[in-house]
Structures are given as C-alpha cells and as structure tokens.
2 protein chains.
Amino acid sequence: MAELRWANEMLQQAGLRITAPRVTVLRVLAERPHAAADTIIGAVRSDIGAVSTQAVYNVLQVCTDAGIVRRIQPAGSPARYELRVRDNHHHLVCRSCGTVGDVDCAAGEAPCLEPSERLGFDVDEAEVVFWGICPDCAPPVREEETV
Amino acid sequence: MAELRWANEMLQQAGLRITAPRVTVLRVLAERPHAAADTIIGAVRSDIGAVSTQAVYNVLQVCTDAGIVRRIQPAGSPARYELRVRDNHHHLVCRSCGTVGDVDCAAGEAPCLEPSERLGFDVDEAEVVFWGICPDCAPPVREEETV
DNA sequence: CCGAGAAACTTGACTGATTCCAGAAATGGT
DNA sequence: ACCATTTCTGGAATCAGTCAAGTTTCTCGG
C-alpha cells in the first residue's frame with residue numbers, strides 16, 4: 001500500500017491534516033480528472049461510506065486554497081477539479097457533453113499570454129478554454145465521406 | 001429619435017420580433033457592457049417600468065442564440081452580457097471586484113489560438129480570460145471591503 | 001494517560017442565479 | 001382588424017453551493 005501514500009504526503013506537504021475524506025477525495029481526483037463535486041461525492045461515498053456533502057466541499061475548498069487542487073469552471077457546467085496544478089495548462093471543453101480534456105500550454109510559464117492592452121490591470125494568469133465538439137459527440141459521419 | 005433605432009434594426013436583421021423589453025435590453029447593454037442579468041433587469045425597469053425577470057432572461061437567451069449578444073461567464077461571477085459579438089475579442093477580469101474589460105484579440109480570426117494537442121476535438125473557439133487586479137482594486141489603496 | 005483547544009465533520013436551513021410552467025397579452029402577416 | 005404565433009407574467013422549482021451551529025476527532029502539553 002506504500003504507493004497509495006502519495007495522497008497523505010501531498011496533504012502533509014501542504015500543511016493539512018490527513019483525514020479519510022481528504023485522502024479519498026485526492027485519490028478520486030487522481031482517477032477521474034476534471035470530476036465535478038457531484039461525481040466526487042459519489043465516488044468518495046462508494047469508497048469509504050458515508051461522508052457529508054459539505055465535507056467534500058470543504059476538502060475541495062481547502063485543497064484548492066492550499067494549491068494542491070485546481071478548480072475549473074467552464075461556462076454552463078458545475079465546477080470541476082483536477083490535481084494537475086503546477087503546470088499552467090489549458091482545457092478543451094465539449095460544447096455538447098461538457099467533457100474536459102487537458103492541453104499543455106504552448107507558451108510555458110504563467111501568464112503564458114499577454115493581453116494586447118492591459119487597461120491598468122495587474123495580470124497574473126491567462127486562462128484559455130478551447131471550445132469544440134469531442135469525438136464522442138461528433139456528428140455521425142460515415143467514414144467513406146471524408147469530404 | 002432615428003439614432004435610437006439601431007436596436008430595432010439589430011432585432012429585425014436577426015429575425016426577432018421587436019418588443020419593448022428586447023429593445024431596452026439592447027440599449028442597456030450598449031450603455032453598460034458586461035452587465036450581469038441583475039443589473040440589466042434593474043436598468044430595464046427604471047427605463048420602461050415593470051418587466052418580469054423571466055422576460056429579461058428570455059431576451060438575453062434569444063439574443064444570444066441569434067448571435068447579437070454574447071454571454072460571458074467568468075468563474076465566480078454571474079453571467080455577463082455584451083453586444084460586441086462579431087470580433088472574437090477576449091476579457092480581463094478583476095479577481096477582486098469582478099470588473100470586466102475588453103482586450104482585442106491579437107491573433108485575428110477565431111479560433112485565434114490552436115491547442116497544442118486536439119484530442120480528437122473539433123475546436124471552433126479559443127476563449128481567453130486574463131485574470132488580475134484592476135486599477136481600482138490595486139494594493140496601495142486601503143482595503144475597504146466592497147465584496 | 002488525560003484534558004483543553006483547535007480542526008474537521010454532520011446536519012439542515014438557506015441563498016443566488018437561473019429555469020420551468022401555464023395562462024394572459026402583444027406582435028405582425030393577411 | 002383578425003388570428004395564429006410568439007412573447008410576457010407570476011410563481012414555483014431547481015441546481016450548485018454556502019452558512020451556521022453543534023458534535024466528533026485529533027493533537028499536544030502536562
């Protein structure tokens with residue numbers, strides 16, 4: 001079970017207490033990147049039994065604040081969470097089903113882009129969301145018809 | 001009043017019926033770009049009297065669908081609406097007060113950026129949000145909570 | 001080993017933003 | 001002006017998430 005201890009270490013290094021809900025949330029996120037709170041709650045419950053909804057929201061909140069979890073909120077979908085947090089990568093979101101995919105940031109460090117005008121803002125991050133249709137939602141075209 | 005008729009024309013060209021709520025919502029948006037539904041409802045009411053909340057939401061919905069209004073939904077803030085819709089420009093959002101500013105897209109046509117990997121998605125838009133602190137919320141000023 | 005204080009969890013009410021619904025009113029083509 | 005269609009009204013309902021109060025659990029000094 002030593003290989004399952006990474007979650008404990010993540011929490012420890014972030015200065016957070018190690019508790020069953022926390023460890024489980026992190027493990028769930030490792031398995032299902034971009035899961036919504038809803039999904040996470042379900043997975044945590046089927047993993048360790050009863051856990052309050054609030055507890056999971058608390059865990060997500062403290063982990064996000066501690067910088068070990070990243071929250072993404074694509075328009076029209078509930079918040080999603082992921083563990084990839086160091087690299088400032090971006091996301092592909094399906095307009096039809098909401099599926100989220102990761103794309104590496106082409107430009108390296110944050111903010112990876114510069115606004116053309118700054119309007120006096122002190123910009124620290126450029127968040128990029130690529131909108132499109134995922135392979136599963138693609139219109140049913142026959143393979144022969146490759147226009 | 002001929003110069004106030006642009007709203008009617010916009011609706012007409014979009015194939016939408018001309019009604020007081022619609023015309024007023026468009027005028028409000030012209031004056032206050034990036035307004036939230038809340039703000040729009042207030043402004044419409046002080047303009048033409050009683051209008052149901054639902055009516056405004058309907059107007060925003062049909063206009064967005066018709067492509068004459070654009071909806072933006074920065075994380076942690078209610079949806080905002082704007083009339084700039086042809087050019088695919090981007091936004092600056094203040095982490096503190098939520099103020100939104102426009103920035104022209106440096107790269108021209110949509111999608112102005114290309115994801116480094118496509119994962120099979122058919123990408124049609126790259127949405128960029130620059131996060132930062134606006135001049136009004138900049139540090140040197142004393143922290144007078146207005147959240 | 002014990003107890004105090006802090007941190008985390010549970011429960012349940014509550015909020016804000018938005019949508020759904022059914023009926024009444026307004027719009028625009030003939 | 002008439003009528004079918006579209007839009008607006010009012011109110012209930014939903015969804016995602018937050019708040020607050022009370023209880024349990026952990027951690028650490030004595």
Side-chain angles (χ1 to χ4, degrees), chain A residues 7-8 10-12 14-26 28 34-45 47-66 68-81 98 100, chain B residues 5 7-26 28 34-45 47-66 68-81 97-98 100 145 147:
Chain A
N8 299 42
M10 273 181 79
L11 289 166
Q12 209 152 34
L16 299 174
R17 282 195 187 169
I18 292 159
T19 68
R22 290 183 178 175
V23 171
T24 315
V25 165
L26 293 182
V28 167
H34 314 125
D38 204 20
T39 310
I40 298 169
I41 292 167
V44 170
R45 283 188 181 142
D47 219 349
I48 59 169
V51 183
S52 71
T53 300
Q54 187 60 48
V56 174
Y57 274 110
N58 284 346
V59 170
L60 292 170
Q61 181 67 61
V62 297
C63 289
T64 302
D65 291 350
I68 58 176
V69 165
R70 181 170 164 199
R71 173 192 288 130
I72 57 180
Q73 288 161 264
S77 116
R80 286 148 182 284
Y81 299 86
V100 177
Chain B
R5 209 152 295 153
N8 300 42
E9 280 162 21
M10 273 180 79
L11 289 166
Q12 210 152 32
Q13 282 170 22
L16 299 175
R17 283 197 185 169
I18 292 158
T19 68
R22 290 183 179 174
V23 171
T24 315
V25 165
L26 293 182
V28 167
H34 314 125
D38 203 21
T39 310
I40 298 170
I41 292 167
V44 170
R45 284 190 181 142
D47 219 348
I48 58 169
V51 182
S52 70
T53 300
Q54 187 59 46
V56 175
Y57 275 108
N58 284 347
V59 171
L60 292 170
Q61 182 66 60
V62 296
C63 290
T64 303
D65 291 349
I68 57 177
V69 165
R70 180 170 164 197
R71 172 192 287 130
I72 57 180
Q73 288 160 265
S77 118
R80 287 148 182 283
Y81 300 86
C97 67
V100 177
E145 267 295 3
V147 180

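Letters A, B, ... mirror the listed sequences (proteins, then strands); counts begin at 1. Computed from heavy atoms alone, side chains included, the values below leave out hydrogens, waters and symmetry copies.
- The CG atom of Asp65(B) sits 15 Å away from the C1' atom of dT6(D) (whole-angstrom rounding).
- Under the 4.5 Å side-chain criterion, counting only non-hydrogen atoms from C-beta, Val59(A) is not in contact with Ile40(A).
- Residue Ile41(A) contributes atom CD1, which lies 12 Å from atom C1' of dC15(D) at whole-angstrom precision.
- Nearer the 5' end of DNA chain D, as judged by each residue's closest nucleotide, is the contact made by Asn58(B), out of Ala37(A) and Asn58(B).
- The residue Thr19(A) sits close only to the backbone: its heavy atoms come under 4.0 Å of sugar-phosphate atoms, none of a base.
- Two residues are said to be in side-chain contact when any heavy atoms from C-beta on lie closer than 4.5 Å; Val25(B) and Val69(B) fail this criterion.
- Taking atom CD of residue Gln61(A) and atom P of nucleotide dG17(D), one finds them 11 Å apart after rounding to whole Å.
- Within the 4.5 Å cutoff, the side chain of Arg22(B) has no heavy atoms near those of the Asn58(B) side chain.
- For the pair Tyr57(B) OH and dG10(D) C1', the interatomic distance rounds to 16 Å; values are reported in whole Å.
- The residue Val62(A) sits apart from the nucleic acid: no heavy atom pair falls under 4.0 Å.
- Using a 4.0 Å heavy-atom criterion, one finds that Ala36(A) contacts no nucleic acid atom at all.
- Checked by distance alone, Arg17(B) brings a side-chain donor or acceptor within 3.5 Å of a matching partner on the base of dT27(C).
- Put simply, the side chain of Leu26(A) does not reach to within 4.5 Å of the side chain of Asn8(A), judged on heavy atoms.
- Between the CZ atom of Arg22(A) and the P atom of dA7(C) there is a distance of 11 Å, rounded to whole Å.
- As a whole-Å value, the separation of Gln54(A) CD from dC9(C) C1' is 9 Å.
- Distance CG (Leu60(B)) to C1' (dC8(D)): 14 Å, rounded to an integer number of Å.
- The distance from atom CG of Leu11(B) to atom C1' of dT27(C) is 13 Å, rounded to the nearest whole Å.
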